[in-house]
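Down below is the structure, laid out as structure tokens.
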Amino acid sequence: MKKVFSVAIDGPAGAGKSTIAKSLSKKLGVIYVDTGAMYRAMALYLLRSGVDPEDSAAISAKCREADISIAFEDGVQQVMLNGENVSGLIRTEEVSRMASKSSVNADVRAKLVELQQKLAEKEALVMDGRDIGTVVLPNAEVKIYLTASSAVRAKRRYDELKAKGEDCDLVTIEADIIERDHRDMTREISPLKQAEDAVLVDTSDMSIEEVENCLIGIVEDKING
Ligand code: DC
């Protein structure tokens with residue numbers, strides 16, 4: 001295998017991409033790049049700027065001012081927005097909603113895709129997102145499309161929120177997931193879809209350990225085969 005190799009993991013929100021991508025990158029001894037965090041940092045900038053999520057011209061103009069980069073602290077990705085570490089500020093529902101809307105913008109995507117491609121040129125990595133295998137790294141050595149039913153993804157999210165002591169409703173969470181999937185899958189630019197040469201893994205009935213073992217098997221097959 002070449003020295004700089006890439007593993008691309010795509011799929012809808014809640015399929016377990018980041019958990020699995022993190023553990024896989026550790027096992028492979030390479031960095032893990034979470035591209036959703038970049039879209040979230042951009043969304044935070046747009047929210048702070050008071051941009052209307054439906055105003056695509058304003059989003060195109062404002063996104064030029066946002067300098068987004070990543071750094072690693074103890075192997076954990078940190079997202080920097082104009083020099084400020086915003087990693088702790090991007091996991092809110094408000095940022096999620098704005099990221100889902102602003103990530104349909106062509107200028108936002110062009111800017112972040114360029115950053116992602118530059119990272120992959122320099123270093124071996126596991127990168128996760130929605131368009132990694134299709135657009136960002138079409139020549140990735142390994143491509144995986146990780147999914148799970150909306151009911152299972154909603155239940156996972158519900159359990160996560162409950163564990164944090166947050167009040168939530170399973171039906172609303174699933175409706176929100178279905179709406180977001182629809183937006184991600186039907187947008188004009190880089191919609192979420194399985195690359196032709198990606199391996200499909202449905203995690204609905206799998207434990208984290210089972211998914212980890214399955215992915216390691218896929219990577220080993222590609223390396224050896
Ligand atoms: O994976 P996430 O929930 O952190 O992603 C946040 C938003 O960014 C989500 O609406 C999908 C979008 N996104 C994208 O369009 N392309 C990517 N490569 C990663 C995320």
Side-chain angles (χ1 to χ4, degrees), residues 6-22 24-25 31-47 51 53-54 56 59-60 63 66 68-70 76-79 81 86-120 125-138 140 143-148 150 153-154 156-157 160-161 173-195 198 203:
S6 310
V7 178
I9 303 183
D10 291 300
K17 290 191 303 291
S18 62
T19 309
I20 297 302
K22 249 179 238 164
L24 186 63
S25 68
I31 59 166
Y32 160 54
V33 175
D34 166 8
T35 62
M38 299 176 184
Y39 286 92
R40 287 170 179 272
M42 179 61 84
L44 179 65
Y45 183 76
L46 297 169
L47 281 170
V51 169
E54 313 299 335
S56 71
I59 291 178
S60 289
C63 81
I68 291 166
S69 60
I70 60 167
V76 180
Q77 174 181 296
Q78 308 292 319
V79 197
L81 169 62
V86 294
S87 309
L89 304 173
I90 56 172
R91 302 286 159 199
T92 65
E93 273 308 301
E94 192 189 16
V95 171
S96 262
R97 230 170 290 124
M98 183 56 144
S100 175
K101 295 198 166 160
S102 54
S103 62
V104 306
N105 182 282
D107 295 300
V108 167
R109 299 206 72 85
K111 183 164 178 153
L112 297 182
V113 166
E114 190 189 349
L115 169 64
Q116 292 152 14
Q117 289 174 333
K118 281 196 177 137
L119 284 166
L125 46 74
V126 175
M127 184 178 276
D128 78 357
R130 305 292 191 285
D131 59 342
I132 311 305
T134 50
V135 174
V136 181
L137 306 175
K143 295 184 188 179
I144 292 155
Y145 190 84
L146 209 62
T147 189
S150 59
R153 287 184 285 133
R156 288 178 187 161
R157 180 83 187 126
E160 246 173 54
L161 292 170
I173 292 175
E174 187 174 358
D176 205 42
I177 282 181
I178 292 171
E179 188 196 322
R180 215 159 286 184
D181 281 358
H182 181 75
R183 190 156 45 223
D184 286 348
M185 290 174 176
T186 57
R187 69 180 174 219
E188 214 170 301
I189 311 160
S190 307
L192 168 64
K193 67 166 192 236
Q194 185 183 341
T203 69

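Note that ligands are numbered from 1 as they come in the structure, with each ligand's atoms numbered from 1 the same way.
- Remark: Ser190 OG to Ile132 CD1 distance equals 9.5 Å, nearest 0.5 Å.
- Close contacts between ligand 1 and Ser100 involve ligand atoms 10 (O) [criterion: under 4.0 Å to a heavy atom].
- Residue Arg180 places every heavy atom at 4.0 Å or more from ligand 1.
- Protein heavy atom nearest atom 1 (O) of ligand 1, with residue, atom name and distance: Arg130 NH1, 2.9 Å.
- Residue pairs that meet the salt bridge (Lys or Arg N to Asp or Glu O under 4.0 Å) test with at least one member in residues 98-117, sequence neighbours left out, are Glu54-Lys101, Arg64-Asp107, Arg109-Asp131, Glu114-Lys118.
- Rounding to the nearest 0.5 Å places CG of Leu137 at 8.0 Å from CD of Gln116.
- Given atom 7 (C) of ligand 1, the protein heavy atom at minimum distance is Ala99 CB, 3.8 Å.
- Ranking protein heavy atoms by distance to atom 19 (C) of ligand 1, first place goes to Thr35 OG1, 3.4 Å.
- Here is the list of ligand 1 atoms found below 4.0 Å of a heavy atom in Ser103: 12 (C), 15 (O).
- In summary, the atoms of ligand 1 found under 4.0 Å from a heavy atom of Arg40, numbered by their order in the structure, are 2 (P), 3 (O), 4 (O), 6 (C).
- The nearest protein atom to atom 8 (O) of ligand 1, hydrogens excluded, is given as Tyr39 CB, 3.4 Å; this is a heavy-atom distance.
- Only the side chain of Arg109 comes within 4.0 Å of ligand 1, counting heavy atoms alone; its backbone N, CA, C and O stay farther away.
- Across Ser103, Ser102, Ser100, Ser96, a single residue satisfies side-chain contact (heavy atoms from CB on, under 4.5 Å) together with Tyr39, and that is Ser103.
- Using modelled atom types, one finds a donor on one side chain and an acceptor on the other under 3.5 Å when comparing Ser60 with Asn105.
- Residue Arg97 does not touch ligand 1, judged by heavy-atom distances below 4.0 Å.
- Scanning for side-chain contact (heavy atoms from CB on, under 4.5 Å) contacts around Asp176 gives Glu93, Glu179, Arg180, with sequence neighbours left out.
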Practice prompt. I would like to know whether Gln77 and Val33 meet side chain to side chain contact (heavy atoms under 4.5 Å, CB included); could you show each step before the answer?
Written response: CA-CA 7 Å; Gln77 174 181 296; Val33 175; 3.8 Å; yes

